[in-house]
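Written below as structure tokens is the structure these notes are about.
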Amino acid sequence: MSDDDRLLDELRRMWERADPPPPGLGAAMVATVVAADLDEEWELLTLVRDSADEGLAQVRGLGTARMLSFSAAAGWSLEAEIDGERFSGQVLDLAADQDPTLVEVAVETRTGERWSVPLDEFGFFSLTAPASGTVRFTVRFAGVVASSHWVEV
């Protein structure tokens, strides 16, 4: 067992003693989700590239823009650019029968603010939203809702 594993195990035991979960919490959470009648498939968009983590030479010509690339387990991806208050990009590799104009891309804040726009016929989007704080991208189509982790902008 590594030092990290031992530390995490010790922290778990400490929290179980200091603040154990109430009896029946797990069952209540499952019942709540079932009662909500969630009919949409939720998927996580995984961040695979963030230009903020790269040297400036690698983003030649885009000194002010930040590039983010997300992938979905289903095989499609979201490429996004943040330049000031302009969020733009493209959803790639959707199913051949998926009409891109029926796909919605949204930028959301932790406080519940949301700006959304449908894709154009080529799968591109562009919207204006305040670019400060923490945001996430959400893509909706054909009963699928896929959201990214929160990203500090």
Quiz item: Are side-chain heavy atoms of His149 and Leu47 found at a separation under 4.5 Å?
Solution: no
Quiz item: Run the side-chain contact (heavy atoms from CB on, under 4.5 Å) check on Val107 and Arg114 step by step: do they pass?
Solution: CA-CA 6 Å; Val107 173; Arg114 185 175 189 276; over 6 Å; no
Quiz item: Do you reckon Phe124 sits in the same ILVMFWY cluster as Leu68, going by side-chain contacts under 4.5 Å, direct or chained?
Solution: no
Only pairs under 3.5 Å count here: list side-chain donor-acceptor contacts from residues 87-96, not counting sequence neighbours, and write none if there are none.
from: Ser88; atom 1: OG; to: Arg86; atom 2: NH2; distance (Å): 3.2
from: Gln90; atom 1: NE2; to: Phe122; atom 2: O; distance (Å): 3.1

Enumerate, atom names and distances included, each donor-acceptor pair closer than 3.5 Å involving a side-chain atom of residues 15-29, sequence neighbours excluded.
from: Glu16; atom 1: OE1; to: Arg12; atom 2: NH1; distance (Å): 3.2
from: Glu16; atom 1: OE2; to: Arg12; atom 2: NH1; distance (Å): 3.2

Quiz prompt | side-chain hydrogen bond (donor to acceptor under 3.5 Å, both in side chains) pairs, two or more places apart, involving residues 117-134 | solution = Thr134-Glu152
Practice problem: Give a yes or no on whether the backbone of Phe137 and the side-chain of Ser148 come within a donor-acceptor separation of less than 3.5 Å. | Solution: yes
Practice problem: Could you grab the distance from atom CZ of Arg136 to atom OG1 of Thr109, nearest 0.5 Å is fine? | Solution: 9.5 Å
Quiz item: Would you say the side chains of Ser2 and Asp4 form a donor-acceptor pair under 3.5 Å?
Solution: no
Quiz prompt | Spatial distance of atom CG (Leu45) from atom CG (Leu78) [nearest 0.5 Å] | solution = 6.0 Å
Quiz item: How long is the span from the CD atom in Gln98 to the CG atom in Leu119, to the nearest 0.5 Å?
Solution: 9.0 Å
Quiz item: Heavy atoms, side chains only, cut-off 4.5 Å: are Arg49 and Met67 in contact?
Solution: yes
Quiz item: What about the rings of Trp76 and Phe70, do their centers lie closer together than 6.0 Å?
Solution: no
Quiz item: Does Val135 share a hydrophobic cluster with Leu127, counting links as ILVMFWY side-chain heavy atoms below 4.5 Å and allowing steps through other members?
Solution: yes
Practice problem: Would you check if Pro118 and Thr101 make a side-chain contact, meaning some heavy-atom pair closer than 4.5 Å? | Solution: no
Quiz item: Between Phe125 and Glu79, which heavy-atom pair has the shortest distance, and what is it?
Solution: CE2-O, 4.0 Å
Self-check item: Check: Val145 and Glu104 side chains under 4.5 Å, non-hydrogen atoms
Solution: no
Practice problem: Identify the two heavy atoms, one from Ala106 and one from Ser116, that lie closest to each other, and give their separation to 0.1 Å. | Solution: CB-CB, 3.7 Å
